[in-house]
Structures are given as structure tokens and as C-alpha cells.
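Below is one structure, written out as C-alpha cells, with a few remarks after it.
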Amino acid sequence: MVKFDKKKVKALHRKIHEWYEKNRRQLIWRTTTDPYTILVSEIMLQQTQVSRVQEKLPLFLKKFPAFQQLAQASRADVIRAWQGLGYNNRAVRLLSLVKIVVNDYQGKLPSNIEKLQQLPGIGRYTAHAIVCFAFKKRVPVVDVNIQRVLSRLFWKMSAPFQMKRSEDIWRFAEKILPRDAFRWNQALMDLGALVCTARQPSCTVCPVAEFCTSSNRIGTVKQKRSMVSKKKSEPTYDGIPQRIWRGRLVEIFRCVNGKGTISMPHLGKAIKPTFTKREVPWLDRLVQTLQQDGIVDRVGNNVMLAHE
DNA sequence: GATCCGTGGGG
DNA sequence: TCCCCAAGGAT
């Protein structure tokens, strides 16, 4: 743990808030504290770029304006509405989460971290984000941006992707949390997204460079992402990662109208033009993984988006 | 702790 | 072209 310099922290609060008022991003989910809207936006934002959520969130909200409407939707509907966002698991979990809220919580999202984190698709980050942004509670929020910003500010970092352990950052974020946690957390995320970026931080325009332990030091050590967390090669078939095959398969169903049922051989051809019946076992396993995730249903030789 | 889960854009 | 990344979570 770095030594806790109270003056430095106070100066940081002032400088960063000042910067935030002038430079903050206009994000639609910042203009509301409606728990449903915040929930949907936070799920969408998991590992997904802000610009994409800005585009897709209004469409989703128009189709499913509140807990009630979403709870009554079928999985297929929600998965279709998830188009372009990736990680379809999230759509499935969001639906089951919302059903729990309607059935067990009288249609009101829990406002405490422990209960939120029990719900499917909500982990530590999202639980804290909801509590802070929807219920205005004074809690820390640590996403990859904030982890990076605080790592650089308080520990000496020389390589772009080098970061302090997440657990240490959570503890530290708690300690330096100012009164207005909402504004502070949003400000730190904006700073991370706009100035203190992963690859090449703009230390020359950073409002807190004078307090930063790593200022103008990032990149001193050559390092690739792959060196930090030795990225393993993912499972592939025919040179293409399995998650891409899965994505293609789901995308086929999004484009299908009517009953939306496709037979296995047709499905094979649809996602792989060179598909032969010799590859049926592979397709079988692929469909099975999607089945296990609750994304598709299978009846005999026919596959469709999950209903319920 | 490592691995899996999509998609689209930037360098 | 290829590699990397993006408001993480579940197993």
C-alpha cells in the first residue's frame, strides 16, 4: 500500500472534478437514476464500448421500457434485441434477472450490494455501479478504467498494461472516496477513457499529471498485452474461434422470420458454406454449448432461439 | 486463477 | 492484415 497522502487526495478531488465539468462525456444513462435504465445500461456496458451502448440502449428501452415489459418477453425476443452487443449470455441472464425482480422483489430492484450480487449477471463491479448510480449511495466503483487510473496515480507503473491487483484498488478506492461518489466515479471513468488511456495516455493534457507517480513514464518498458496475462489460444475449428462460430449461428436466427426453426443440416450450411455431413458431430457440440447457455433450444433435428 | 463468453473499431 | 481492446461475470 502506498502511503496515504491526504493533501494529494484532496488536490486530486478538486482537479479531477474541475476537469470533469469541462470535459465529461454526454452519456444518456447519466441523465437518469431510473434503476431499470441503469441496470440495462450497466449490463450492456460489460466489456462493451460506450459508443455501441449509446446506440443500442435507446432501441432496447423502446422495445422494453420497464421491468414489466421485459419480464414478459421471450428469450428469443431479448436475444434478437441484443443484436450487435455481443456476449449473448448477458441477454439471457438479464431476462432471468428481471423475472426474479418482478416475481420476488415486487418489481423493484434491490438497492443493496449483497442482494444485487446474488442476481445472475451482476458481479462486484455492476452491483457497486448500480448502487452508486441508481441509488446514489457513497460506494466505490472499480472498472478497468478506474483500476488503470488509480494504479498509475499511486503506484509507479512503467508499462502500459501494468496494473495493481484489483483487490488492492478496491480497498484504495474506498479510502479516497469523496463525498460525491457519483460524480467522482463517473469522472474517474471519463479520465480513464479520454486521457489516461490504456495504450498511449495523454499525460501532457492530464489535469493531475503533477500528482501522478507514473506521469510520462508509461511506455518506458516495452510490453505487450500478451506478456502481462499470457493469453492462451482459444479453442478453434477450421482456424476460427468457437465463439465466432457461436456468434454466426445466433446471427442466423436473428435474420430468420416466422417460426424461426432451422434444421441441423441447413444450419451447418448457413454458418459454413463448405459444411458436410462429416461435420455434424462438430455442429452438434456447438449447438449443445448454446443450449447449455440457454440461448437456443433443440427439438430433434431442429434448432431455434430459446423460448420460455 | 485461468478460461470462456461477441462484436465492431482503431492503430 | 493482424492484433488489441472495450463501464465484467460465471465457472
Side-chain angles (χ1 to χ4, degrees), chain A residues 24-25 27-30 37-57 79 82-94 96-97 116-134 140-149 160-161 163 165-167 169-170 173 182 184-194 196-201 223-236 239-254 271 285-286 289-296:
Chain A
R24 67 176 172 188
R25 295 175 288 181
L27 306 177
I28 51 183
W29 49 92
R30 269 185 192 154
T37 303
I38 299 293
L39 168 69
V40 175
S41 70
E42 287 301 340
I43 300 293
M44 285 187 174
L45 283 162
Q46 292 169 357
Q47 287 287 284
T48 305
Q49 301 201 321
V50 163
S51 59
R52 183 153 313 117
V53 177
Q54 287 267 61
E55 178 190 342
K56 304 289 184 182
L57 181 61
I79 291 168
W82 207 254
Q83 205 280 331
L85 284 162
Y87 289 151
N88 301 303
N89 272 329
R90 293 182 297 171
V92 174
R93 295 191 184 119
L94 176 60
S96 61
L97 185 163
L116 281 169
Q117 216 166 335
Q118 303 284 10
L119 298 170
I122 296 188
R124 191 176 189 179
Y125 161 78
T126 307
H128 283 73
I130 289 172
V131 161
C132 181
F133 303 144
V141 170
V142 177
D143 72 329
V144 67
N145 285 306
I146 295 182
Q147 190 182 353
R148 188 174 57 248
V149 170
F161 301 106
M163 281 197 279
R165 282 179 40 216
S166 155
E167 185 54 39
I169 297 298
W170 274 103
F182 186 110
W184 172 247
N185 289 327
Q186 296 283 357
L188 278 186
M189 285 195 271
D190 275 12
L191 191 64
L194 301 176
C196 194
T197 54
R199 302 174 193 179
Q200 288 202 318
Q223 178 199 43
K224 284 193 169 182
R225 185 66 165 153
S226 54
M227 297 173 64
V228 182
S229 58
K230 311 182 198 320
K231 284 247 285 208
K232 299 298 296 178
S233 59
E234 45 185 329
T236 63
I240 297 175
Q242 163 150 302
R243 64 190 161 84
I244 303 300
W245 289 114
R246 286 170 51 114
R248 282 191 194 176
L249 200 154
V250 173
E251 192 60 22
I252 297 296
F253 285 106
R254 290 207 178 94
I271 64 173
R285 288 193 299 276
L286 188 65
T289 68
L290 286 161
Q291 236 180 317
Q292 284 168 353
D293 287 345
I295 294 172
V296 304

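Below, each value reflects all heavy atoms present in this structure, side chains not excepted, and no hydrogens, waters or symmetry copies. Naming convention: chains lettered A, B, ... in sequence-line order (proteins, then strands); numbering from 1 in each chain.
Contacts between residues 124-133 of chain A and DNA chain C, defined by a heavy-atom separation under 4.0 Å, are made by A:Arg124, A:Tyr125, A:Thr126.
With sequence neighbours left out, A:Ser166 forms a side-chain contact (heavy atoms from CB on, under 4.5 Å) with A:Gln147, A:Trp170. Scored by the side-chain contact (heavy atoms from CB on, under 4.5 Å) test, A:Arg246 finds A:Asn89, A:Gln242, A:Leu286, A:Thr289, A:Leu290, A:Asp293, A:Ile295 as partners (sequence neighbours excluded). Listed by chain and number, the residues in a salt bridge (charged side-chain N to carboxylate O under 4.0 Å, His left out) with A:Arg248 amount to none (sequence neighbours excluded). In this structure A:Trp245 satisfies the ring-ring contact (aromatic ring centres under 6.0 Å, His included) test together with A:Trp282, sequence neighbours excluded. The salt bridge (charged side-chain N to carboxylate O under 4.0 Å, His left out) check on A:Arg24 picks up nothing, with sequence neighbours excluded. Remark: A:Gln186 pairs with A:Arg30 by the side-chain hydrogen bond (donor to acceptor under 3.5 Å, both in side chains) rule, at least two apart or across chains. Checked against salt bridge (charged side-chain N to carboxylate O under 4.0 Å, His left out), A:Asp143 has no partners two or more places apart in sequence or in another chain. Scanning for side-chain contact (heavy atoms from CB on, under 4.5 Å) contacts around A:Gln46 gives A:Ile43, A:Arg90, A:Thr126, with sequence neighbours left out. Not counting sequence neighbours, A:Arg93 has no partner by the salt bridge (charged side-chain N to carboxylate O under 4.0 Å, His left out) test.
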Check: protein-nucleotides 7-10 of chain B nitrogen or oxygen pairs below 3.5 Å:
unit_1 : atom_1 : unit_2  : atom_2 : d
B:dG8  : O4'    : A:Arg52 : NH2    : 2.8

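Among the atoms of the strands shown, base atoms are found under 4.0 Å from some heavy atom of A:Gln186.
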Task: DNA chain B base-pair string [pairs: Watson-Crick or G-U under 3.5 Å; |: paired with another strand] - done: .||||.|||||

